[in-house]
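I have placed the structure first, in the form of C-alpha cells, so that the comments after it can refer back to it.
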Amino acid sequence: MSSTVPKSSNIFWHDCPVGKTDRQNLLKQKGCVVWITGLSGSGKSTLACTLGRELHTRGKLAYVLDGDNLRHGLNKDLGFAAEDRAENIRRVGEVAKLFADAGLVCIASFISPYRRDRESCRALLSDGSFIEVFLNMSLELCEARDPKGLYKLARAGKIKGFTGIDDPYEAPLNCEVHHHGVHAKCYHFRMVKCALFKVLM
Ligand SMILES: Nc1ncnc2c1ncn2[C@@H]1O[C@H](COP(=O)(O)OS(=O)(=O)O)[C@@H](OP(=O)(O)O)[C@H]1O
Ligand SMILES: Nc1ncnc2c1ncn2[C@@H]1O[C@H](COP(=O)(O)OP(=O)(O)O)[C@@H](O)[C@H]1O
C-alpha cells in the first residue's frame, strides 16, 4: 500500500555557518543567474559561452548550464511535451539558484518557451539577481542557420512539436536585456554584454 504522507513532509531546513555573503566575499563577486531564452538556433549557446569566457577573463567565476548538455544527464528522462519542458526548466531553475547561492554567475541557456516557467525561475532569486536575456531572432533566420538540421526535420514532419514550427514560443514581456536582430551577424554581442556587465560588475 502506498504511503499517505506527502512526499515532502517532516523535512527541516539546516543552516550552515558559512553563507552566501561569505562565499561572495571570498570570490569578490555577486552570485546571480543570467537566463538566456530564444528559439533553437537563435545563438543561446554561443552567447552563453562567449559570456562565460569573458567573465573568466575578467576573473569572475561563471558556469554555463546549457539545454542540450543537461538533457544528456540530469534531464535525460524528459522530452519536449509542455509538462516535460516545464519540469526541465523547474529543475534548471533550482540548480541555477544553487549556483548563484554558491556565489557564481550561472549562465542558463534554454529555449524555455513558456513565460510561466521562466517567471517561476525568476521568483526563486532575489530582486536584481535574475537577468533575463531574450535573443529575439526571427524564425526565418534561425531556420536558415539550422546548424543541426532540426528545422528541416521538423518541416518534413519527422520531429513533432518543434518550437517555432508546431510548438509555441512565448516571448518575454519584461526582460532585462532584449537582443533584437534579423541579420545579427556579430559574434561579439557588444550591446548584450554592455548591458549585462553593467548589471554584473
Ligand atoms: N521538439 C523540439 N523543440 C525544440 N528543441 C528541440 C526539440 N527536439 C530536440 N530539440 C533540441 O533540444 C534543444 C532544446 O533543449 P531545451 O532544454 O533548451 O528546451 S526547453 O527549454 O525545454 O524547451 C534544442 O537545442 P538548441 O538548438 O540549442 O536550442 C534542440 O537541439
Ligand atoms: N551572433 C551571431 N551571428 C551569426 N551567427 C551566429 C551568432 N550566434 C550564433 N550564431 C550561429 O548560429 C548557429 C546557432 O547558434 P547556437 O548558439 O547553437 O544557438 P542555440 O543555442 O540558440 O540553438 C550556430 O551555427 C552559430 O555559429
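Start at 1 and go down the list; that is how both ligands and their atoms are numbered. Numbering starts at 1 and runs along the sequence shown.
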ask   = Which is closest to atom 2 (C) of ligand 1 by heavy-atom distance: Phe110, Tyr151, Tyr114, Phe162?
value =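 Going through Phe110, Tyr151, Tyr114, Phe162 one by one, Phe162 has the nearest heavy atom to atom 2 (C) of ligand 1.
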task = May I ask whether Ile89 places a heavy atom under 4.0 Å from ligand 1?
result = yes
request  = Under 4.0 Å, heavy atoms only, figure out whether ligand 1 is touched by the backbone of Asn75, its side chain, both or neither.
outcome  =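 Contact part for Asn75 vs ligand 1: neither.
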message = At under 4.0 Å between heavy atoms, is it the side chain or the backbone of Asn88 that contacts ligand 1, or both, or neither?
response = side chain
Kindly confirm or rule out an N or O of [X] lying under 3.5 angstrom from an N or O of ligand 2.
X	result
Leu47	no
Lys148	no
Thr46	yes
Pro147	no

ask   = If you round to the nearest 0.5 Å, how far is OG of Ser109 from CD1 of Ile111?
value = 10.0 Å
inquiry  = With side-chain hydrogen bond (donor to acceptor under 3.5 Å, both in side chains) as the test, pick out the partner of Asp101 among Gln24, Arg23, Lys20.
reply    =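 Output: one option passes, namely Arg23.
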message = Using a plain distance cutoff, I'd like to know if Pro113 has any nitrogen or oxygen under 3.5 Å from a nitrogen or oxygen of ligand 1.
response =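 No, since none of the N or O atoms of Pro113 sits under 3.5 Å from an N or O of ligand 1.
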request  = Could you tell me whether Ile159 and ligand 1 have an N or O pair separated by under 3.5 Å?
outcome  = no
request  = Please could you name the atoms of ligand 1 that Ser40 approaches to less than 4.0 Å, counting only its heavy atoms?
outcome  =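 Close to Ser40: 26 (P), 27 (O), 29 (O).
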Numbered atoms and elements of ligand 2 in range of Leu39, under 4.0 angstrom, heavy atoms =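 Counting atoms of ligand 2 from 1, those under 4.0 Å from Leu39 are 22 (O).
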